[in-house]
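Since the structure comes first, as structure tokens, the remarks are kept for the end.
Because the structure is a prediction, the values reported are computed rather than measured. Each chain gets a letter, A, B and so on, in the order its sequence line appears, and its residues count up from 1.
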Protein chains: 2
Amino acid sequence: MPDKKRITLKDIAKDLGISVSTASRALNSYSGISDDTIKLVKDYAEKHNYVPNTMAVNFRKNKTLTLGLIVPELVHYFFSSVISGALAEAKKRGYTVLVSQTEELLKNEIYAARTMIASSVDGIMISLSNETKDGDHLKELLEEGRPVVQFDKVLDDLPTAKVIVDDFNGAYNAVTHLINQGYQSIAHLNGHQDVNNSVERLRGYKQALTDAGLETKDEYIIHCHDISEQEGYDFTKDLMQLPDPPDAIFCITDLVAMGSMKFLKEKEVKIPDQVGIVGFSNWDMANFVTPTLSSVDQQAFKMGEKACQILIDTLKTGELGKDETHLIPTELIVRQSSKRD
Amino acid sequence: MPDKKRITLKDIAKDLGISVSTASRALNSYSGISDDTIKLVKDYAEKHNYVPNTMAVNFRKNKTLTLGLIVPELVHYFFSSVISGALAEAKKRGYTVLVSQTEELLKNEIYAARTMIASSVDGIMISLSNETKDGDHLKELLEEGRPVVQFDKVLDDLPTAKVIVDDFNGAYNAVTHLINQGYQSIAHLNGHQDVNNSVERLRGYKQALTDAGLETKDEYIIHCHDISEQEGYDFTKDLMQLPDPPDAIFCITDLVAMGSMKFLKEKEVKIPDQVGIVGFSNWDMANFVTPTLSSVDQQAFKMGEKACQILIDTLKTGELGKDETHLIPTELIVRQSSKRD
DNA sequence: TTCAGCAAACTAAACGATTCATCAGGGGCT
DNA sequence: AGCCCCTGATGAATCGTTTAGTTTGCTGAA
């Protein structure tokens with residue numbers, strides 16, 4: 001059992017014949033310490049490989065330099081990218097990150113929030129589960145003075161900073177692109193109308209059509225329930241059986257787009273010649289399907305970065321985050337599935 | 001600024017007219033406290049929502065109930081699954097997890113290890129970066145008595161517990177499956193021979209051929225450098241231009257398999273009729289390519305679980321982990337790309 | 001010469017929980 | 001009655017660091 005005991009401030013002080021407080025101040029470059037002493041202590045610390053005991057520091061300062069990050073699903077291109085961005089920003093600013101996933105269950109989310117409190121993180125970033133309808137468990141954090149930043153799936157009436165994807169413009173640009181490619185009858189596989197993202201994307205879709213002088217048809221707008229590949233398949237089938245089938249489909253998600261393309265390929269409908277497809281999310285698989293799938297990139301990495309940045313800024317200024325919403329711009333990635341010229 | 005001050009043991013003691021130590025012992029169900037007092041204290045704590053200050057406990061006990069987890073790449077199906085498994089196990093046993101990624105760079109790995117030490121995690125799980133050739137930065141942890149568990153990409157001569165995929169049997173089963181499907185000339189797109197996984201998979205490939213009485217041909221074994229889709233494409237082209245081209249390809253990775261299939265589809269070679277393909281990793285995209293890709297699932301979730309379990313067991317027993325290697329069995333997922341009957 | 005002023009160092013308290021060593025009091029035993 | 005032992009409770013030390021408050025000693029001005 002190695003357990004090589006770490007050297008402490010006390011050891012330094014004793015060996016150098018100074019007091020513990022002097023050693024502490026010297027290392028932290030506090031005022032009221034001579035340059036000589038500072039050098040002396042720093043050299044000694046360096047040489048003896050002094051590492052301050054973080055637990056003691058945390059305890060004393062009542063800060064941990066640790067942030068909590070709660071996501072619904074970890075094995076997910078979008079969320080792992082968000083985490084990646086948050087980790088990068090946190091690292092840059094000297095913080096570490098405690099990660100937890102809820103599997104889209106409220107009870108896990110509450111548990112995670114409690115755990116974060118217990119681990120005394122300085123603040124948290126969270127993307128809410130689908131089940132979450134109120135934020136009592138987050139209020140507990142706020143009441144303790146630990147700031148919260150919501151991202152992606154947020155609760156509007158919870159007074160915290162929020163970072164969300166610019167779904168409206170993402171959808172708007174995607175549909176406008178389809179129009180520019182010459183598609184005339186564009187359908188939209190949308191999601192639940194009680195989910196914000198779905199609402200915004202639908203709004204963007206409609207606005208793009210309107211702005212281009214195209215009419216919106218109700219039968220071209222279908223709402224998925226569980227946003228699965230199967231639904232993409234089934235609803236595309238429905239769409240293509242309409243008396244006046246669409247010549248392009250804007251899908252709420254790449255997964256739905258996969259199902260959509262699967263059906264079309266089975267029926268030997270040519271993509272993009274006969275029907276154009278654009279997805280949303282830009283999963284890595286968009287590159288690997290045939291034809292490759294055009295998609296709206298949500299810049300998840302940037303979202304993680306931004307959320308983390310806001311959180312740390314809040315911690316630094318000491319103000320308990322303002323209730324501001326930040327939009328992350330999307331980027332349309334055009335691939336084969338929608339390029340007709 | 002809310003900052004509702006938490007109640008402390010001292011408060012409880014004062015209000016109840018007992019000593020702090022009695023309160024502490026009562027809450028921790030120590031011996032030598034009457035049942036009456038225990039009930040009294042527990043009820044009071046419950047009522048006033050007492051939460052022990054974790055930082056103080058950590059400090060006092062020199063334990064954090066926090067584990068470190070270091071992976072090369074977070075945005076990656078395999079690694080995010082590992083993390084997911086580790087988080088699940090950690091949660092089950094009351095631990096939290098600090099996550100960090102190295103982007104396959106040694107310098108980041110060293111930094112991450114340092115950060116973990118500084119954050120005083122109780123122990124860490126790590127999958128090494130490609131650049132890592134020695135484990136000095138991990139020895140620092142071991143010397144502090146913090147156990148380390150290596151997984152996936154490991155350094156054999158570092159005396160820690162290791163959890164790795166059973167690459168040999170995974171490859172063996174994949175190739176045997178191809179043989180059973182009637183393929184006779186099976187090629188293998190392998191990786192670097194200084195990476196353990198590659199060596200093992202190659203060994204499994206050869207053994208399967210030998211056991212089936214088939215001969216191994218050198219020109220059927222190609223070593224990729226960066227294991228990319230492009231390489232899969234290029235090397236498959238090379239293979240198919242041989243005077244005696246293979247009728248099946250076992251690819252070191254799904255990504256390589258993607259490239260392989262891309263080439264074959266472009267040349268209108270029928271998969272699986274003319275050429276069978278099996279990949280390794282079972283990425284989610286294996287389900288979305290056409291035809292769907294047979295692949296060896298590495299059970300990443302289980303690997304994370306196992307690594308975490310070993311780590312926590314080590315912590316509980318207090319022994320600094322034995323140098324044992326645990327193999328995680330693989331599972332062959334047969335899809336269209338290799339099913340000929 | 002004396003003392004205000006200041007820099008540099010020190011002492012000690014504090015953070016909140018755990019735990020070792022101690023103590024009071026009561027019951028049982030001789 | 002005197003002694004021991006046991007139970008239930010207490011006091012105080014401790015973990016390593018930070019920091020408020022104080023002391024020391026020196027310089028330079030009155």
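- For the helix from C/dT1-D/dA30 to C/dT30-D/dA1, the terminal axes (five pairs an end, C1' atoms, rotation from four pairs onto the next four) enclose an angle of 70°, given to 10 degrees.
- Comparing B/Ser21 and B/Phe59 by the nucleotide of DNA chain C whose heavy atom lies nearest to each, the residue mapping closer to the 5' end is B/Phe59.
- Phosphate contact (OP1/OP2 of D/dT19, side-chain N/O of A/Lys61, threshold under 4.0 Å): absent.
- A/Ser19 comes within contact range of at least one nucleobase, with a heavy-atom separation under 4.0 Å.
- Taking atom CG of residue A/Asn28 and atom C1' of nucleotide D/dG16, one finds them 13 Å apart after rounding to whole Å.
- Among C/dG16, D/dT17, D/dT19, the nucleotide with an atom closest to any side-chain atom of A/Arg25 is D/dT19.
- Looking at residues two or more places apart in sequence or on another chain, you find a salt bridge (Lys or Arg N to Asp or Glu O under 4.0 Å) between B/Lys153 and B/Glu104.
- Considering only side-chain atoms of A/Ile33, the nucleotide from D/dT17, C/dT18, C/dA9 that sits closest is C/dA9.
- In this structure, A/Thr37 reaches the C/dA9 phosphate: one of its side-chain N or O atoms is under 4.0 Å from OP1 or OP2.
- With rounding to whole Å, B/Asn58 atom CG is found 15 Å from D/dT17 atom P.
- If you check D/dT17, C/dA17, D/dT10 against the side chain of A/Asn53, the one that comes closest is D/dT17.
- For C/dG16, the OP1/OP2 oxygens have no side-chain nitrogen or oxygen of B/Tyr50 closer than 4.0 Å.
- With distances taken from any side-chain atom of A/Thr8 to the nucleotides C/dC15, C/dA17, D/dG16, the minimum falls on D/dG16.
- Nucleic acid contact class of B/Thr22 (heavy atoms, under 4.0 Å, all strands): base.
- Screening residues 65-80 of chain B for salt bridge (charged side-chain N to carboxylate O under 4.0 Å, His left out), with sequence neighbours left out, gives no hits.
- The distance from atom CG of A/Asp11 to atom P of D/dC15 is 11 Å, rounded to the nearest whole Å.
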Item to complete: Apply side-chain hydrogen bond (donor to acceptor under 3.5 Å, both in side chains) to B/Ser84 and B/Ser81, showing your working.
Response: CA-CA 5 Å; B/Ser84 186; B/Ser81 300; over 6 Å; no
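- Atom CG in B/Leu9 sits roughly 13 Å away from atom C1' in C/dT19 (whole-Å rounding).
- Between the side chains of A/Ser129 and A/Thr132, at least one donor N or O lies within less than 3.5 Å of an accepting N or O.
- If you take CG of B/Leu27 and C1' of C/dT18, they are 12 Å apart, rounded to a whole angstrom.
- B/Phe59 is linked by a ring pair (Phe, Tyr, Trp, His ring centres under 6.0 Å) to A/Phe59, counting only residues two or more places apart in sequence or in another chain.
- Here D/dA9 presents its C1' atom at 14 Å from CG of B/Leu16, a figure rounded to the nearest Å.
- Not a single salt bridge (Lys or Arg N to Asp or Glu O under 4.0 Å) links B/Glu109 to another residue, sequence neighbours left out.
- Where B/Ile18 and A/Ala56 meet DNA chain D, the nucleotide closest to each residue was compared, and B/Ile18 sits on the side nearer the 5' end.
- Residue A/Ile164 is tested with A/Asn197, A/Asp152, A/Thr325, A/Ile328 for a side chain to side chain contact (heavy atoms under 4.5 Å, CB included); the sole match is A/Thr325.
- Closest approach to the B/Arg60 side chain among C/dA8, D/dT19, D/dA13 is made by D/dA13 (side chain taken as heavy atoms from C-beta onward).
- One atom, NZ of B/Lys63, and another, C1' of C/dT18, lie 13 Å apart when rounded to the nearest Å.
- Following rounding to the nearest Å, B/Lys10 (NZ) and C/dT18 (C1') show an atom-to-atom distance of 14 Å.
- Residues passing the side-chain contact (heavy atoms from CB on, under 4.5 Å) test with B/Asp11, sequence neighbours excluded: B/Ile7, B/Thr8.
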